[in-house]
Amino acid sequence: MVEMNRARDELEQILDQREYQIYYQDDRNFIQIWWDNAKSWLVDILNNWFDSLEQSTTFAQGILVIVTIIVLLGVIIAGIIGVRTIGRKRSFYDHQALHSIGQKEWTYKDHLTEADKQENLQQYIVAIRHLFVALLLYLDEKQFIEAQNTKTNKEYYEEIRGIDQKKAEHFFRIALVFDQVTYGKQIIEKKAFVRYRNTIRSWIEQQDYDS
């Protein structure tokens with residue numbers, strides 16, 4: 001009995017030595033540990049849903065890969081949308097619309113006429129620039145804003161909002177399209193251009209009617 005106890009003590013001492021402890025240590029990295037825990041978690045969920053489903057790490061791993069891919073795609077899409085949104089806001093805050101047109105002495109009616117000419121030439125981007133500048137000059141004439149070469153569309157928006165919140169929101173949408181086409185190089189088709197043109201002309205005509 002004494003010999004048996006002594007042999008057991010010696011075995012415990014051997015197992016406590018560093019080389020044995022290292023052998024039994026978990027040498028997985030963080031990602032491996034997370035992945036194994038996630039698989040176990042998913043297997044438990046599947047077993048709770050389907051009592052007849054046998055525990056299968058391969059099946060769980062396949063589902064986990066699919067879920068991970070979907071999540072990563074969601075993150076990537078959200079990131080792209082976020083970058084585009086930030087870019088649009090920066091454009092709205094930073095760019096000075098009157099710098100995009102060289103004819104400083106033109107009236108808003110001159111720009112409307114030039115927009116019609118460019119439309120007939122199917123130069124929709126140039127036509128949009130003239131339409132938007134026409135709107136700025138018109139709003140300046142009606143004292144909604146004070147048009148200046150150094151002002152940004154954000155500043156014009158703030159000026160209009162101080163008078164009419166609804167018109168300010170309307171202006172924001174119009175200015176955003178102008179920024180996307182002029183600075184963002186967005187392609188615009190005839191149908192979208194006609195809608196944009198009608199929006200600006202309707203605003204001007206309605207304002208003239210109300211006054």
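Worth knowing before you read on, the calculation uses all heavy atoms, side chains too, and leaves out hydrogens, waters and symmetry mates. Worth saying up front: this structure is predicted, and the values here are computed from it rather than measured.
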Hey, does [Y] have a side-chain heavy atom less than 4.5 Å from the side chain of [X]?
{"X": "F172", "Y": "N153", "answer": "no"}
{"X": "E159", "Y": "K151", "answer": "yes"}
{"X": "K167", "Y": "W203", "answer": "yes"}

For this session: From the options I187, V126, I125, select the one residue that forms a side-chain contact (heavy atoms from CB on, under 4.5 Å) with V181.
Result: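 Exactly one candidate clears the test, I125.
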
Hey, what do you get for [atom1] ([X]) to [atom2] ([Y]), rounding to the nearest 0.5 Å?
{"X": "I145", "Y": "I160", "atom1": "CD1", "atom2": "CD1", "value": "6.0 Å"}
{"X": "E114", "Y": "Q123", "atom1": "CD", "atom2": "CD", "value": "11.0 Å"}
{"X": "I163", "Y": "K142", "atom1": "CD1", "atom2": "NZ", "value": "13.0 Å"}
{"X": "D140", "Y": "E146", "atom1": "CG", "atom2": "CD", "value": "7.0 Å"}
{"X": "S202", "Y": "R197", "atom1": "OG", "atom2": "CZ", "value": "9.5 Å"}

Exercise. In this structure, are over 12 heavy atoms from other groups packed under 6.0 Å from Q165 atom CD?
Worked result: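 For Q165, atom CD is crowded (more than 12 foreign heavy atoms under 6.0 Å).
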
Problem set entry | L121 atom CG: more than 12 heavy-atom contacts under 6.0 Å |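 Yes, the 6.0 Å shell around CG holds more than 12 heavy atoms from other groups.
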
Got a salt bridge between [X] and [Y], using NZ or NE/NH1/NH2 to carboxylate O under 4.0 Å?
{"X": "R201", "Y": "D116", "result": "yes"}
{"X": "R161", "Y": "E158", "result": "yes"}
{"X": "K190", "Y": "E119", "result": "no"}

Exercise. Any side-chain donor paired with an acceptor under 3.5 Å for T107 and D110?
Worked result: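 Judged by distance alone, the side chains do pair up.
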
Problem set entry | Polar side chain donor-acceptor pair, Q143 to E141, under 3.5 angstrom |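 Per modelled atom types, Q143 and E141 side chains form no pair under 3.5 Å.
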
Exercise. Step by step, would you call F132 with I174 a side chain to side chain contact (heavy atoms under 4.5 Å, CB included)?
Worked result: CA-CA 8 Å; F132 185 70; I174 292 174; 3.9 Å; yes

For this session: Please check if the side chain of Y138 supplies one atom and the backbone of I204 the other of a donor-acceptor pair under 3.5 Å.
Result: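 Here the side-chain-to-backbone pair exists.
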
Exercise. Backbone N or O of I128 within a donor-acceptor pair of the Y196 side chain at under 3.5 Å?
Worked result: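 Side chain of Y196 to backbone of I128: no pair is present.
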
For this session: Can you see which heavy atom on T199 is nearest to which on H170, and at what distance?
Result: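 Here T199 and H170 meet closest at CG2-CE1, 3.5 Å.
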
Exercise. So, for W106 and H111, which heavy atoms are closest and what is the spacing to 0.1 Å?
Worked result: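 W106 and H111 have their closest heavy atoms at CB-NE2, 3.5 Å.
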
Problem set entry | Worked check of side chain to side chain contact (heavy atoms under 4.5 Å, CB included) between L136 and F171 | CA-CA 10 Å; L136 291 179; F171 173 82; 3.7 Å; yes

For this session: Can you sort out the partners of F193 under ring-ring contact (aromatic ring centres under 6.0 Å, His included), two or more places apart, ordered by chain and number?
Result: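 Expected list: Y124.
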
